[in-house]
Number of protein chains: 2
Amino acid sequence: MNTKTAVTRLTALAQDSRLAIFRLLVQKGPEGLCVGDIQTKLGVAPATLSFHLKELTHAGMVKPRQEGRFIYYSPDFKAMNALVAYLTENCCGGRSCDPECAPTPVCKEN
Amino acid sequence: MNTKTAVTRLTALAQDSRLAIFRLLVQKGPEGLCVGDIQTKLGVAPATLSFHLKELTHAGMVKPRQEGRFIYYSPDFKAMNALVAYLTENCCGGRSCDPECAPTPVCKEN
DNA sequence: CTTATGTTTCGATAATACTAGAAACATGAA
DNA sequence: TTCATGTTTCTAGTATTATCGAAACATAAG
């Protein structure tokens, strides 16, 4: 993980619609949701949703999976874990709080 | 934690200079660093640095502490933990991956 | 092939964020 | 008080991002 990647991922999450999309997918799990279902649940215009899904995908926070004429999106927990790890890297210079500081995986699946 | 707070915090971190500032402070720990030291280490203009510190402070990601004519900034790990918890709330609908999904505190200090 | 459905791209507008010089303010030292 | 140092506010220019209607594209069913 490098700075550029981290900023890209944080930027992807730092927006109302995208954060809602990501959390919805996290709650759904590895199975994911297709674009239409996300649209129905969140009520954003198709073009807007597509734009945001592209941002999240480009940042690596979600992964698309084609299934017939539907495209299912699911969260990438590895990316999430890597991001948290980057944010807390070498916390407190490795002193005192060390044991509690070590970043812990958020979800091992997927 | 609510959506607005989460977006504010993510936005605070989703920028090169601010992410660098935050990570620098995380690595320094609760003691923190004063503005001048941050400026020296990162090489951003005073006005720009002040702007970014205000953003981080307003988002609750860092806390200022006046000490003589210096102002020390330190990270707020509680805010960090709350943010991660919000992102992974009810991961996978509480099924299968549940044990590994539960978000874990990043740092208990401070 | 034709039609219906799901999704993305294009294009244009509006809103928001980043940057930094100059001036102002705050604190402590002489 | 006067000066030096540390930090913030003001202001304005530039760049980036969000939104969405309309049109285009993709896949599958009839």
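- Neither OP1 nor OP2 of dT7(D) sits under 4.0 Å from any side-chain N or O of Gln66(B).
- For Ile71(A) and dT27(D), the CD1 to P distance is 9 Å, given to the nearest whole Å.
- Of the candidate nucleotides dT8(C), dT19(D), dC18(C), dT8(C) has the atom lying nearest to any side-chain atom of Ser50(A).
- The structure places CG of Leu42(B) at 12.0 Å from OG1 of Thr48(B), a figure rounded to the nearest 0.5 Å.
- Among the protein residues, Gln15(A) comes within range of the sugar-phosphate backbone only, with heavy atoms under 4.0 Å from sugar or phosphate atoms but none that close to a base.
- Rounded to whole angstrom, the span from the CD atom of Gln39(B) across to the C1' atom of dG6(D) amounts to 9 Å.
- Closest contact between the side chain of Cys34(A) and the listed nucleotides dT7(C), dT8(C), dA4(C) involves dT7(C).
- Each of dA20(C), dT27(D), dT7(C) was ranked by its minimum atom distance to the side chain of Arg69(A); first place goes to dT27(D).
- For Ala47(B), taking side-chain heavy atoms from C-beta onward, the closest of the listed nucleotides dG21(C), dA29(D), dT19(D) is dG21(C).
- For Arg65(A) and dT27(D), the CZ to P distance is 16 Å, given to the nearest whole Å.
- Computed from coordinates, the Asp16(A) CG to dA17(C) P distance equals 11 Å when rounded to whole Å.
- Mapped onto DNA chain D by nearest heavy atom, Gly36(B) and Glu55(A) fall at different nucleotides, with Gly36(B) at the one closer to the 5' end.
- Using modelled atom types and a 3.5 Å distance limit, the side chains of Thr3(B) and Tyr86(B) yield a donor-acceptor pair.
- Going from atom CG of Leu56(B) over to atom P of dA17(C) covers 14 Å, rounded to whole Å.
- Asn2(A) and Thr5(A) share a donor-acceptor pair across their side chains, judged by distance under 3.5 Å alone.
- Contact annotation: Thr48(A) does not reach the phosphate of dA18(D) (side-chain N/O to OP1 or OP2, under 4.0 Å).
- Ranking dC18(C), dG6(C), dA18(D) by closeness to the Arg18(A) side chain, first place goes to dA18(D).
- Side-chain nitrogen and oxygen atoms of His52(B) include at least one within less than 4.0 Å of the OP1 or OP2 phosphate oxygen of dT19(C).
- Remark: P of dA18(D) and CG of Leu19(A) are 13 Å apart, rounded to the nearest angstrom.
- One interatomic measurement links the two molecules: CG of Leu13(B) to P of dA17(C), which rounds to 15 Å at whole-angstrom precision.
- The backbone N or O of Leu13(A) sits nowhere less than 3.5 Å from a side-chain atom of Arg18(A) that would complete a donor-acceptor pair.
- Computed from coordinates, the Lys54(B) NZ to dC25(C) C1' distance equals 14 Å when rounded to whole Å.
- Nearest-nucleotide mapping onto DNA chain D: of Tyr72(B) and Gly68(A), the residue sitting toward the 5' end is Tyr72(B).
- At a threshold of 4.5 Å between side-chain heavy atoms, the hydrophobic network of Ile, Leu, Val, Met, Phe, Trp and Tyr places Phe77(B) and Leu19(B) in one connected group.
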